[in-house]
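Nothing here was measured: the structure is a model prediction, and the numbers come from that model.
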Amino acid sequence: MVGARVGATPLNPAAPGVVGIQTWLWIDGADEHSWGPNTATASSGGVTVSATAKATKVVWEMGDGTTVTCANPGTRWTPAKGDADSPTCGHTYLVDSGDQPDDA
């Protein structure tokens, strides 16, 4: 499988997130190459082998000690969705990181 492109709100990585508003998480452009199923076949000496790869989950380490596990590629956020929670994969930060070392 090809490495996936990560999508998350806010869309601008330099923009701060907002405490209490859910961060949406998704695999951007999820398709057979990044999420699956992706099947490849090889033959040699009269033997043919096929293998199929498919992601079953994505695990997000959120930086606040929380790990979010989603069994799907998530839903891409758009401005029309406003501050609604993600229907498939998200995390809500509960504490401001401003007083943490390096604002982590």
Check whether W77 and V6 end up in the same hydrophobic cluster, where Ile, Leu, Val, Met, Phe, Trp and Tyr are linked by side-chain heavy atoms less than 4.5 Å apart. no

Restricting to pairs with a member in residues 43-52, which pass side chain to side chain donor-acceptor pair (under 3.5 Å), not counting sequence neighbours? T39-T52, T41-S50, S43-T48

Going through the distances and angles, do M62 and Y93 end up as a side chain to side chain contact (heavy atoms under 4.5 Å, CB included)? CA-CA 9 Å; M62 301 308 300; Y93 290 97; 3.3 Å; yes

May I ask whether V68 and I27 are part of the same hydrophobic cluster, defined by side-chain heavy atoms of I, L, V, M, F, W, Y residues being less than 4.5 angstrom apart, directly or through others? yes

Would you check if W26 and P73 make a side-chain contact, meaning some heavy-atom pair closer than 4.5 Å? no

With sequence neighbours excluded, residues passing salt bridge (Lys or Arg N to Asp or Glu O under 4.0 Å) with D96: none

By side-chain contact (heavy atoms from CB on, under 4.5 Å), which residues pair with V59, not counting sequence neighbours? K57, T67, T69

Mind checking side-chain contact (heavy atoms from CB on, under 4.5 Å) for A15 and listing every partner two or more places apart, or none if nothing turns up? P10, N12

Quick one: OG1 on T9 to CG on L25, what's the gap to the nearest 0.5 Å? 7.0 Å

Would you say that L11 contacts W24 through its side chain, given a criterion of any heavy-atom pair below 4.5 Å between the two side chains? no

Taking every heavy atom of A30 against every heavy atom of W35, the minimum-distance pair comes out as CB-CB, 4.2 Å

Contacts satisfying salt bridge (charged side-chain N to carboxylate O under 4.0 Å, His left out) that involve residues 66-76 (not counting sequence neighbours) are D28-R76

Given side chain to side chain contact (heavy atoms under 4.5 Å, CB included), test V95 with V19 step by step and report yes or no. CA-CA 6 Å; V95 179; V19 173; over 6 Å; no

Pair up each side-chain donor or acceptor in residues 83-91 with any protein partner under 3.5 Å, not counting sequence neighbours, and list the distances.
residue: S86; atom: OG; partner: T88; partner atom: N; Å: 3.1
residue: S86; atom: OG; partner: C89; partner atom: N; Å: 3.0
residue: S86; atom: OG; partner: C89; partner atom: O; Å: 3.1
residue: T88; atom: OG1; partner: T75; partner atom: N; Å: 3.0
residue: T88; atom: OG1; partner: T75; partner atom: OG1; Å: 2.7
residue: H91; atom: NE2; partner: D64; partner atom: OD2; Å: 2.9

Step-by-step side chain to side chain contact (heavy atoms under 4.5 Å, CB included) determination, N38 to K54: CA-CA 7 Å; N38 189 359; K54 181 181 184 323; over 6 Å; no

